[in-house]
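See below for the structure under consideration.
Hydrogens, waters and symmetry mates are skipped; everything else that's a heavy atom, side chains included, is used. Every chain is numbered from 1 and lettered A, B, ... according to where its sequence line falls, protein lines coming before strand lines.
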Amino acid sequence: MPELPEVETTRRGVAPHITGRKILKVNVYEPRLRWPVPADLPAAAEGKTVQDVTRRAKYLLINLGENELLFHLGMSGNLRIVAPETPRMKHDHVDILLEGDITLRYNDPRRFGCLLLLNPPTQEHPLLRHLGPEPLSDQFSGELLYKLSRQRKSPVKTFLMDQAIVVGVGNIYANEALFLAGIRPTRPAGEVSLKRYQALADAVRKVLSDAINMGGTTLRDFVGGDGKPGYFQQTLRAYGRGGQPCILCKTELKEIKLGQRASVFCPSCQR
DNA sequence: ATAATCACCTGCTCGC
DNA sequence: TGCGAGCAGGTGATTA
């Protein structure tokens with residue numbers, strides 16, 4: 001599920017419900033996530049009030065003043081607001097009970113996600129320190145992509161998905177952005193011109209902001225924090241369309257593997 | 001430093 | 001209907 005638009009959708013869905021509320025209790029039913037949920041996390045969070053809910057890359061940060069909770073949703077995680085007595089479903093791993101009869105519930109079938117404690121809040125945590133700029137900020141540009149890609153031989157798609165270059169571009173949106181920019185995913189990153197990287201940066205911004213505006217992409221059963229599904233999947237132009245005609249020129253889209261990830265492109269439009 | 005592979009998990013779909 | 005193979009939104013760790 002979660003690339004940047006899905007995490008942002010979750011943040012927007014959840015934040016209004018929990019901001020300003022005091023945490024009464026944290027129940028960890030299954031600590032074995034990607035990294036174990038720290039044993040001292042519940043005690044550190046209980047009694048604190050949620051100051052704000054922010055996002056860095058695909059991490060969701062719940063600021064509690066003197067410390068901060070850091071969620072990652074991995075491949076299959078989601079956060080939702082439920083009433084306190086709502087029966088637990090399979091793979092509901094953590095409940096955060098807040099005053100006002102609100103529970104924030106974390107579910108993650110594959111357990112690739114995590115819940116960690118930043119004490120105190122810091123951008124210098126090992127998971128956050130090496131992240132590139134936010135794609136929707138002014139720090140991100142075609143010039144940046146061009147500069148960082150010189151001498152690099154790996155495929156431009158792999159380069160674009162490197163979170164040290166720019167954060168938040170996962171497999172779906174990498175495919176979509178390269179399609180919009182007319183760049184073949186296999187092209188060595190160091191061979192792409194500045195002009196084409198500017199088109200790619202524009203495409204990344206467009207694809208991500210469109211997806212956020214539509215509530216994220218729902219594959220299988222993603223729902224945002226408000227429980228509503230995303231609708232962006234109805235507008236996917238490349239991802240998942242291997243073998244089908246290009247929407248621009250009708251040429252059959254090709255599907256290949258790049259770094260173990262499905263990559264779809266139009267052999268005619270993307271060079 | 002860069003690039004390729006592995007690993008962590010469960011669930012679903014496909015082909016036999 | 002059952003069963004194994006392969007694949008899925010991510011990304012840190014480990015190899016060359």
With a centroid cutoff of 5.5 Å and a plane-angle limit of 30°, would you call A/F112 stacked on B/dC9?
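It does not: the ring fails the test against the base of B/dC9.
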Tell me what [X] touches on the nucleic acid: a base, only sugar-phosphate, or nothing, going by heavy atoms under 4.0 Å.
X	value
A/R111	sugar-phosphate
A/Y59	sugar-phosphate
A/Q163	sugar-phosphate

Examine [N]: is either OP1 or OP2 under 4.0 Å from a nitrogen or oxygen in the side chain of [X]? Give yes or no.
X	N	result
A/R152	B/dA3	yes
A/H91	B/dC9	no
A/K90	B/dG11	yes
A/R261	C/dG10	yes
A/S76	B/dT10	no
A/K58	C/dT11	yes
A/H72	C/dT11	yes

In whole Å, what separates the P atom of B/dA1 from that of C/dT11?
22 Å
Inter-nucleotide P distance (B/dC6, C/dG6), Å rounded
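So the two P atoms sit 14 Å from each other.
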Mind calculating the distance between [atom1] ([X]) and [atom2] ([N]) to the nearest angstrom?
X	N	atom1	atom2	answer
A/R32	B/dC9	CZ	P	8 Å
A/Q260	C/dG6	CD	P	13 Å
A/L33	C/dG10	CG	P	18 Å
A/K257	C/dG6	NZ	P	12 Å
A/I256	C/dC7	CD1	C1'	17 Å
A/L73	C/dT11	CG	C1'	14 Å
A/L131	C/dG10	CG	C1'	13 Å
A/F71	C/dT11	CZ	C1'	19 Å

Sequence neighbours excluded, which residues qualify as ring-ring contact (aromatic ring centres under 6.0 Å, His included) partners of A/F140?
none
If you only use heavy atoms from C-beta on, which nucleotide in [options] is closest to the side chain of [X]?
X	options	value
A/E3	B/dT10, C/dG9, B/dA4	C/dG9
A/R110	B/dC9, C/dT11, B/dA3	B/dC9
A/I172	C/dT11, B/dG11, C/dG9	C/dG9
A/P155	C/dG12, C/dA8, B/dA4	B/dA4

Between A/A262 and A/N175, the two heavy atoms sitting closest are O-ND2, 3.3 Å
Give the minimum heavy-atom separation between A/R205 and A/P135, together with the two atoms involved.
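Shortest heavy-atom contact: CG-O, 3.4 Å.
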Ring-face cation of A/R241 near A/Y239 (centre distance under 6.0 Å, axis angle within 45°):
no
Should A/S268 and A/K250 count as side-chain neighbours, where that means a heavy-atom distance under 4.5 Å?
no
Which residues, ordered by chain and number, are linked to A/L24 in its hydrophobic cluster, where ILVMFWY side chains connect at heavy-atom gaps below 4.5 Å, directly or through other members?
none
Hydrophobic cluster mates of A/L258, side-chain heavy atoms under 4.5 angstrom, ILVMFWY only, any path?
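Direct or chained contacts put A/L258 with A/I256, A/F265.
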What stems, by residue range, does DNA chain B take part in, given at least 3 consecutive Watson-Crick or G-U pairs under 3.5 Å?
B:2-8 with C:10-16, B:10-16 with C:2-8
Just grab all the ring-ring contact (aromatic ring centres under 6.0 Å, His included) pairs involving residues 87-135 of chain A, residues at least two apart or on different chains.
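Passing the test, one end in residues 87-135 of chain A: A/F71-A/Y106.
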For A/R196, side chain to side chain donor-acceptor pair (under 3.5 Å) partners two or more places apart
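None.
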